[in-house]
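Here is the structure we will look at, set down as structure tokens.
In this text, all values refer to a predicted model and were calculated from it rather than measured experimentally. Numbered from 1 within each chain, the chains take letters A, B, ... in sequence-line order. Computation of the quantities below employed the complete heavy-atom set of this structure, encompassing side-chain atoms and omitting hydrogens, waters and symmetry-equivalent molecules.
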2 protein chains.
Amino acid sequence: MKEPTIKDIKRAAARINPYVHRTPVFTSLAVNRLADAEVFLKCENLQKTGAFKARGAVNAVFSIDEESAEKGVSTHSSGNHAAALAYAARCRGIKAFVVMPENAAPVKKAAVAEYGAEITLCRPTLKDREETLQAVARDSGSVIIHPYNDLRVIAGQATAALELLEEVPSLDAVIAPVGGGGLLGGTLLAVSALKGSTAVYGAEPAGADDAYRSLKAGHLIPVRDPDTVADGLRTSLGDLTFPIIQKYVDEILTVDDAVIIRTMKLLWERMKLVVEPSAVLPSAVLLNRRKAIRGNRIGLIISGGNVDLNRLPWQQGTNWRE
Amino acid sequence: MKEPTIKDIKRAAARINPYVHRTPVFTSLAVNRLADAEVFLKCENLQKTGAFKARGAVNAVFSIDEESAEKGVSTHSSGNHAAALAYAARCRGIKAFVVMPENAAPVKKAAVAEYGAEITLCRPTLKDREETLQAVARDSGSVIIHPYNDLRVIAGQATAALELLEEVPSLDAVIAPVGGGGLLGGTLLAVSALKGSTAVYGAEPAGADDAYRSLKAGHLIPVRDPDTVADGLRTSLGDLTFPIIQKYVDEILTVDDAVIIRTMKLLWERMKLVVEPSAVLPSAVLLNRRKAIRGNRIGLIISGGNVDLNRLPWQQGTNWRE
């Protein structure tokens with residue numbers, strides 16, 4: 001595998017520039033006080049499609065040659081990557097085919113449909129998702145764009161950290177959530193190339209801690225029966241993202257759901273930002289495992305803001321387990 | 001009455017500058033499409049204390065002479081002005097005494113207490129609030145700062161529109177919510193002084209439409225038994241705000257609660273911003289009474305983001321009536 005270089009990442013930034021937002025970096029004295037640090041939140045919840053996933057999907061879709069692109073692109077995803085790929089395909093004027101598990105959040109299904117993608121529902125197992133996608137891709141002749149185990153996607157996701165470092169050059173540490181590892185992998189590549197002295201941490205739900213365990217074991221251990229409110233982080237690392245993380249990450253910090261939910265509510269209340277559970281992970285580890293994190297100026301990648309407003313996890317009676 | 005001039009407003013802007021945020025102006029293609037207009041949202045939900053009220057309170061508190069300030073400031077308010085006055089007093093290092101109705105939202109009481117104000121609870125009638133405030137002010141010797149019927153407060157609130165016009169000079173119209181009229185009054189003064197050709201509309205809940213009816217009648221008609229989810233807009237115009245509104249406003253547009261709640265959810269979903277019901281009014285009238293509004297480039301004052309996250313108005317079983 002040839003991991004994306006800083007040149008690839010900068011090329012991705014130029015490629016996606018017309019189609020994605022340069023998201024703002026917010027600060028909050030209340031968060032600083034609680035974290036006992038200077039905290040910079042890169043707000044990818046304000047990104048196109050409501051998540052950083054637009055970066056990777058647009059980069060991948062616009063990297064495909066004209067002839068291959070003609071028959072469209074396809075993927076399987078329970079949410080943000082699906083919407084992002086649908087959006088990216090619409091930007092390029094090609095078709096998108098999306099395989100989604102039946103139990104995906106209605107708000108996420110609606111977003112994908114609104115961007116004009118063709119949705120195929122399947123049972124919510126990884127096996128069923130992959131088999132259905134193979135069939136859909138075969139029938140349509142479309143190019144499969146994996147949500148994270150794809151170098152073009154990783155290079156695209158890296159552009160969020162690139163922008164953060166441009167705006168706040170002197171960070172002691174950056175924390176990104178880790179699910180499949182596309183965002184954390186990209187963040188690691190960008191930060192290690194531009195600021196070798198800046199630490200990078202992955203923040204992972206205790207109920208889906210395959211990155212933590214894989215790193216400890218020295219080999220990929222897929223997550224089994226993930227149990228976490230952070231629906232975007234239930235996936236396992238891929239064989240492209242794992243080596244990048246293994247090579248560059250300072251540490252994977254885990255946090256349990258009660259802390260994620262409490263921190264989520266705190267960000268909504270204090271920063272007036274709608275952030276989804278997966279996006280809360282960096283703040284949750286920072287506010288609750290401060291000692292493990294090096295330095296005083298901390299950048300957090302707030303990965304997305306797509307939540308079902310009828311089903312907020314701090315509400316009594318809400319069962320977020322799918 | 002001598003209404004604040006543009007010079008007063010600019011002096012207020014300089015005075016409050018160290019203590020308030022210059023809030024961002026956001027745009028959203030989804031909102032533009034739904035409004036069939038170019039929409040610019042001045043995000044005072046991201047203001048200190050979570051609402052524009054910080055502007056007026058800080059301006060008033062820092063306008064008081066040293067000797068009078070010594071014994072502190074006081075007010076009655078069910079929420080945002082209370083927190084704003086407490087914050088402003090803390091900025092100046094003086095005491096704040098706040099009379100709040102017993103049924104004020106717990107999240108708002110907590111915010112006021114957190115800024116260090118001394119809270120006195122009273123029954124939730126205007127009469128009781130005013131009598132309790134008189135007693136508190138007499139006992140403490142503090143200076144009463146009215147939430148809106150105060151020229152220093154009006155000049156402070158005007159600075160939000162001042163910033164909006166600086167950032168987006170060519171607006172056809174500006175829409176602000178109207179409760180007591182401090183924000184709308186200030187907006188009218190700033191816009192009419194700087195951009196006579198820009199229309200200014202007030203957006204008011206149908207369930208508390210005293211501004212609409214007062215304007216029509218040509219004299220103040222206080223609201224009786226206000227019934228609206230927009231808790232910040234249940235108050236009546238004052239004798240200082242009414243003449244300003246009467247003189248400058250293009251029109252008061254009203255909208256009912258079902259539309260307010262629907263629009264609130266839409267802003268949370270599409271813009272990932274936590275906005276409170278009162279702050280939704282301008283968007284609600286724009287998205288639903290488009291024809292009445294002149295021009296294509298519309299500025300909206302998003303007044304605040306303080307909501308009780310356990311009690312969102314679109315949730316089944318939530319009773320927001322207090």
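Val307(B) places none of its side-chain heavy atoms less than 4.5 Å from the side chain of Trp268(A). Residues Leu29(B) and Lys48(A) form a side-chain contact, since some pair of their non-hydrogen atoms from C-beta on lies under 4.5 Å apart. Using a 4.5 Å cut-off on side-chain heavy atoms (C-beta onward), Leu312(A) and Asn310(B) make no contact.
To the nearest 0.5 Å, atom CH2 of residue Trp314(A) and atom CG of residue Leu309(B) are 5.0 Å apart. In this structure, CG on Asn45(A) lies 11.5 Å from CE on Met271(B), to the nearest 0.5 angstrom.
Counting only distance, with no hydrogens or angles, the side chain of Lys272(B) and the backbone of Leu273(A) share no donor-acceptor pair below 3.5 Å.
With a 6.0 Å radius and a threshold of 12 heavy atoms from other residues, nucleotides or ligands, Lys95(A) has its NZ atom at or below the threshold. Remark: Arg270(A) CZ is loosely packed, at most 12 non-hydrogen atoms of other residues, nucleotides or ligands lying under 6.0 Å away.
Interface remark: Glu114(B) contributes side-chain atoms only to the contact with chain A (heavy atom separation under 4.5 Å). Looking at Asn306(A), the atoms closer than 4.5 Å to chain B (heavy atoms on both sides) sit in the backbone and in the side chain alike.
Salt-bridge check for Lys108(A) with Glu269(B): failed, with every basic side-chain N at 4.0 Å or more from each acidic carboxylate O.
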